[in-house]
Amino acid sequence: MSQVTALIDANNFYASCEQSLDPALIGRPVVVLSNNDGCIVARSAEARSLGITMGTPYFKAKRNLERQNVVVRSSNYALYADMSQRLMSLLESQVEDLEIYSIDEAFARLSRPSDGNLYPWARRLRALARRNLSLPIAIGLGLSKGQAKLANRLAKVVPAHAGLFDLGSCTDPDRWLETISIEDVWGIGRKLALWCRMRGVVNARELREMPTECLRAKAGVVGVRLQRELQGHACLPLDLEPSPKQETCVSRSFSRPITSLEELREAVATYVVRAAEKLRKQHQRTAALTVYTRTSPFIPAFYSRAASTSLDLPSNDTRVLLEAALPLVERIFQPHRPLAKAGVLMQHLQGVNQLQQHLWVPCTQEEQQKRETLMDTIDRLNHRYGRGTVQWAACGLHPNWAMRRERLGRASTTRLDELPIVHC
DNA sequence: TCTGGGGTCCTAGGACCC
DNA sequence: TCTGGGGTCCTAGGACCC
C-alpha cells in the first residue's frame with residue numbers, strides 16, 4: 001500500500017467564512033478586505049467571476065464594487081481562526097497524519113487503497129466539510145507536497161474535476177502539468193517566474209524537466225528541491241509538530257498618518273501588549289526586541305527607522321517588555337514625518353522552561369511567580385470578556401489612529417452577543 | 001483622502017579566530 | 001619583496017509563502 005500526500009484547502013476561505021455565518025451572502029459576490037480596509041484579500045467565486053482582482057487597493061475598487069452590488073467585509077481574524085480550528089480538527093479525524101500549513105490549508109498523508117481509487121474518500125470528506133462547516137474545500141493528491149499543490153490547483157481550476165484531483169492516478173499527468181503556468185507553481189515567485197520565462201520555461205512540466213544545474217545556479221538548493229518534488233520525490237517531510245517560532249511580530253498601518261511622539265508611543269505600546277500576549281500563548285519568552293516605524297512607501301521622501309535592544313533576562317511580562325520598548329520610540333521618531341505604520345518584533349525567542357534565573361537580577365522567585373499569575377489573569381479576562389477589557393495605560397484610551405474596520409460582519413462563533421437570531 | 005500582516009529559509013559577506 | 005587557509009558566527013537582504 002503506497003503513501004500519498006494530499007493538499008486540502010478551503011476555497012476563498014475568508015469569503016466562505018463570511019458566507020458560512022451569513023447565509024444571505026451565499027450566491028452573492030463577496031469580497032473581504034485586509035486590515036485597515038486596505039486591499040482586497042479574498043473573493044467569493046461570484047466576485048471572482050465579475051473580474052475583481054486580488055490585492056487591489058479598496059479605494060481604487062470601491063466605486064466599481066458598489067456599482068456591481070458586491071458585499072464588502074472588513075477582515076475578522078478572530079472568526080477565521082475559529083473556523084480554521086474547526087476545519088483542521090475535522091481533517092485530523094479523516095487522515096493518518098496532518099500538517100497544518102496555514103490558516104486555510106493542510107498537508108495530509110494517507111495510504112492508497114488496494115484498488116488505487118481515493119476519489120470515494122475525497123468525496124466523503126468534501127461532503128463532510130460542506131455539511132458540518134458550510135465550507136467548500138478542494139483536495140489535491142500526489143507523491144509529494146509539490147505534486148499535491150499542483151493537483152489541488154487542478155482540482156479547483158478545472159470545473160470537471162469538482163474540487164478533487166489525483167495526479168497519481170490520472171492517465172496523462174504531463175498534459176495537466178502543461179496547463180499550469182510557471183507563475184502558479186508553488187515556490188516560484190515573481191522573480192523566478194520571470195527568469196524561467198526568459199529561458200523558455202513557461203509551465204510546471206517544463207520546470208520539472210529543465211537542467212537541474214541551471215536551476216541550482218539561480219535558485220540554489222531550494223530550486224533543486226522544488227524540482228525533485230515535482231518529479232515525485234518527497235523532499236519536504238510532513239511537519240507534524242510545529243517547531244517553536246523563532247520570532248514574532250505585531251505591526252499595523254494607521255488609519256491616518258500620525259506625526260506626534262505621543263501617538264507613536266501609544267501605538268508601539270499597543271503592539272507590545274499584543275506581542276506579549278502572543279508570547280505567553282506560545283509559551284515563549286523573548287530575549288531581544290525591535291521597534292520600527294515608517295512613512296508610506298507610496299509617497300516621496302520615504303522614511304523608515306528601527307531600534308533594537310536586548311533583555312538581560314528573557315521575558316514575556318508585558319510590563320518588562322513595555323519598559324524595554326518605550327525608550328526606543330524616541331530613537332525612531334522624527335517630527336514632521338507622516339508615519340503610516342509601526343511594529344514590534346520579538347526576537348531570539350526561547351521556551352518558558354529554558355529560563356535560568358540570573359543571580360544578579362533583583363527579582364525573587366516569589367515575586368516572579370506573582371507576576372506570572374497576574375499576566376495569566378489578565379489574559380483570561382481579556383479572552384473571556386473581549387480584548388481590551390483589561391487595558392494598559394500606555395496604550396491610550398481612545399486612539400483614533402487605530403486601524404479601520406468599517407465593514408465588519410457578524411462573528412457568531414466567537415462572540416456571544418452576535419449569535420444568530422432565529423425567528424420562529 | 002485612501003495601497004495588509006506575519007512568517008520562513010537561504011546565501012553572501014564581514015568579523016574574528018588560530 | 002611578500003600578505004595563507006580554513007573555520008565559525010552573525011547579520012542583512014533576497015525570495016518566497018499564505
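Hydrogens, waters and symmetry mates are skipped; everything else that's a heavy atom, side chains included, is used. This one's a predicted model, so the numbers in the text were calculated from it and none came from an experiment. Residue numbering restarts at 1 for every chain, and letters A, B, ... go by the order of the sequence lines.
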Candidates C:dC18, B:dG5, B:dT3 - which lies nearest the side chain of A:W186: C:dC18
Residues in ring-ring contact (aromatic ring centres under 6.0 Å, His included) contact with A:F59, at least two apart in sequence or another chain: none
With A:F13 via ring-ring contact (aromatic ring centres under 6.0 Å, His included) - residues at least two apart: none
What does [X] touch in the nucleic acid at a heavy-atom separation under 4.0 angstrom: a base, only the sugar-phosphate, or nothing?
X: A:K62; value: nothing
X: A:L33; value: nothing
X: A:V344; value: nothing
X: A:I188; value: sugar-phosphate
X: A:D37; value: nothing

Sorted by number, the residues of residues 40-59 of chain A with heavy-atom contact under 4.0 Å to DNA chain B: A:P57, A:F59
Nucleic acid contacts of residues 253-277 of chain A, taken as heavy-atom distances under 4.0 Å to DNA chain B: A:S253
Just by distance, no angles: are the side chains of [X] and [Y] close enough, under 3.5 Å, to form a donor-acceptor pair?
X: A:Q19; Y: A:S134; answer: no
X: A:N132; Y: A:R86; answer: no
X: A:T290; Y: A:Q347; answer: yes
X: A:T212; Y: A:Q227; answer: yes
X: A:S260; Y: A:E262; answer: no
X: A:S111; Y: A:E96; answer: yes

salt_bridge([X], [Y]) N-O dist < 4.0 Å:
X: A:K149; Y: A:E105; value: yes
X: A:D317; Y: A:R371; value: yes
X: A:E66; Y: A:R63; value: no
X: A:R280; Y: A:E372; value: no
X: A:R407; Y: A:D37; value: no

ring centroid sep under 5.5 Å plus plane angle under 30, A:F298 with B:dT3: yes
Same-atom distance (C1') from B:dC16 to C:dG4, integer angstrom: 16 Å
Gap in Å between the two P atoms, one belonging to C:dC17 and one to B:dT3, rounded: 25 Å
Student check: side-chain heavy atoms of A:C196 and A:I182 closer than 4.5 Å: yes
Under 4.0 Å protein heavy-atom contact, by nucleotide of nucleotides 6-16 of chain B - B base, S sugar-phosphate only: SSSSSS-----
DNA chain C base-pair string [pairs: Watson-Crick or G-U under 3.5 Å; |: paired with another strand]: ....||||||||||||||
